[in-house]
Amino acid sequence: MSQAGLSFEQAPPLGAPLRLFLIAPWFLIAAALAAIPLAGDWTANRWTPAALGLTHLLTLGFLGTAMAGALLQMLPVMIGSPLPKVRPVAWLAYLGLALGSPLLAAGLAFGLPALLDAGLIALSIAWLPFLAAGAASLARAPALAAATRAGMRHAWLGLAVAVGLGLYLGGGLTGLWPLHRPIELTRLHAAWGLLGWVLMLIVGVAYHVVPMLQLTPPYPAGMTRWLTPLLFASLIVYSMLALLPGSPIVDLAAWLALGAPIAWFAFATLRIQNRRRRKLPDVTHDFWRLAMACLLLGLALAPMALFAPEPRHGQAQVTLGLAFILGFAVTVVAGMLYKIVPFLAWFHLQAQTQARAGTIPNMKEMIPDAAARRHLKLHATALLLILPAPWLPAWLSAPGLLLLAASGYALWRNLHRARRLFLQYGGRLG
Amino acid sequence: MNAIAKLLTADHDHCDELFAEAEDATAKQDWDAAARGFADFHGAMERHLAAEEATLFPAFEARTGMQGGPTMVMRAEHEQMRGLLEQMRAAVERHNDAGYLGLSETLLMLMQQHNMKEEQILYPMSDQVLGDDAALVESLDQAIHPA
């Protein structure tokens, strides 16, 4: 039995994930503010340059940074195997995403090949070492915790396919090579990025953190065993169907194949949360419930996004994307940051200073509940106003977008407060 | 063979149950119930931590030769838990519910990420290398379930 990879150290130092967590909200703010003058474009159709640019600000800038940061921390805990060379990998992810996300987004939104080129190079520098380190970590993980490892492997593959297709499509747009079937491959890029990576990772993490944090019953054993393989198989089938000539039957089959496991996950999460033993109000719990409601809303919109005639077809697709990215993924990530960041700040501070428990701020002093709850209210109100934006006059999206920017700022301020206290009490980030 | 994982994972669940009861009573400011609930929780936690430190970890270290690795990290986290538990006891005595809830939130995260590492990796590995040692399982059982 190999034990070479077994390590429970809280690697890496706090600075590595925290840097990624603290830059994420700025991309939410940037996306919200940039969306105001571009509202006439992105609300109409997901294929518009503005929609493509804004989507990447959210998926790479917010979700990419936060999820990469979380994984640096979670792999040792969940599969007993840290990322090798975690410090340089974390730095490259940080620099590559911080520069590459806005460059790529601007290149897509304004059709500027020079920015696209620079963005693609920066994003390669972010993701390729991260994928390589992830592969090494997964390969070295002890042959235990099989379901968790399987989920992480599927998510890794999802990211690898999304990054590979993204580089291919981006390189084609800047004229590096001719593009074959760009429309179909863009759909696949989105499906693998959003479902294969984002959703798969959230599901794999949810198996552990939902029961852990609220003391709920575990997810049903059949589900933890079969859901991520089923989702993965559905994605492969969807990918093959997507390359065939489009037909309503194929679209319907794809919706059912992908929708059924997603609905299973959302309902199972809501059900076990209802049976939680820890009944206290908890802001992360509320973020999760909002996220599950948005995930189900996205599923309910899918038939319209697939089958309705224009313009409802395009409008439903934009709302579906908003429900999934902003409503589901951003919400889950924000909720998780309210557990991860104050805990890590406390944990590293205690370990570094050997302070007695009462002499350093505890988690709720690092980020008070009331402050996190203010953010939740801003975020939920922003969602309520933004989700119907494609169906309304473009200027009506501005109030919701301003609230979204305020929500991003509230998130940053709350996370930054934990960093400030950590340093104030003598913590070292490096 | 999964006797060690089964026994100690069930004890984690038991501790979680007691944690939730004590926290609930504290949040309701039902101080008699909180004092009783916390004492039960604290006792169960201490038995669990001590059983691992006195029985499981030395056997694991002796069998695998891993002295400074996973068990050292586990022992360090046990000490962090004990620090929080002491502060929580003081908070119950002073009827300081806000202080208790901040500490209990912190303990829960610490405890759960710790338990995940044990349940995902350390216990299954212990079963692989020690699972045939029925006397060890028996003494763990006795240590966490006092007569």
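In this text the structure is predicted, and so the values were computed from the model without any measurement. Below, chains carry the letters A, B, ... as their sequence lines are ordered, and counting in each starts from 1.
Within the 3.5 Å criterion, the main-chain N or O of B:Asp141 finds a donor-acceptor partner in the side chain of B:His145. With B:Asp24 contributing its side chain and A:Arg278 its backbone, the two residues share no donor-acceptor pair below 3.5 Å. Within the 3.5 Å criterion, the main-chain N or O of B:Asp97 finds no donor-acceptor partner in the side chain of B:Thr26.
Residue A:Asp282 touches chain B through its side chain alone, counting heavy-atom pairs closer than 4.5 Å. Looking at B:Leu110, the atoms closer than 4.5 Å to chain A (heavy atoms on both sides) sit in the backbone and in the side chain alike. Contacts between B:Leu101 and chain A at a heavy-atom distance below 4.5 Å involve backbone atoms as well as side-chain atoms. With a threshold of 4.5 angstrom between heavy atoms, A:Leu215 approaches chain B through side-chain atoms but not through N, CA, C or O. B:Glu119 does not touch chain A: none of its heavy atoms, backbone or side chain, sits under 4.5 Å away.
Looking only at heavy-atom pairs under 4.5 Å with chain B, the residue among A:Lys364, A:Glu365, A:Gln354, A:Met212 that has the most is A:Met212.
With rounding to the nearest 0.5 Å, the separation of CD in B:Gln80 from NE2 in B:His114 is 10.0 Å.
The aromatic rings of B:Tyr100 and B:Phe38 sit perpendicular, their planes meeting at an angle over 60°, well past the 30° parallel limit.
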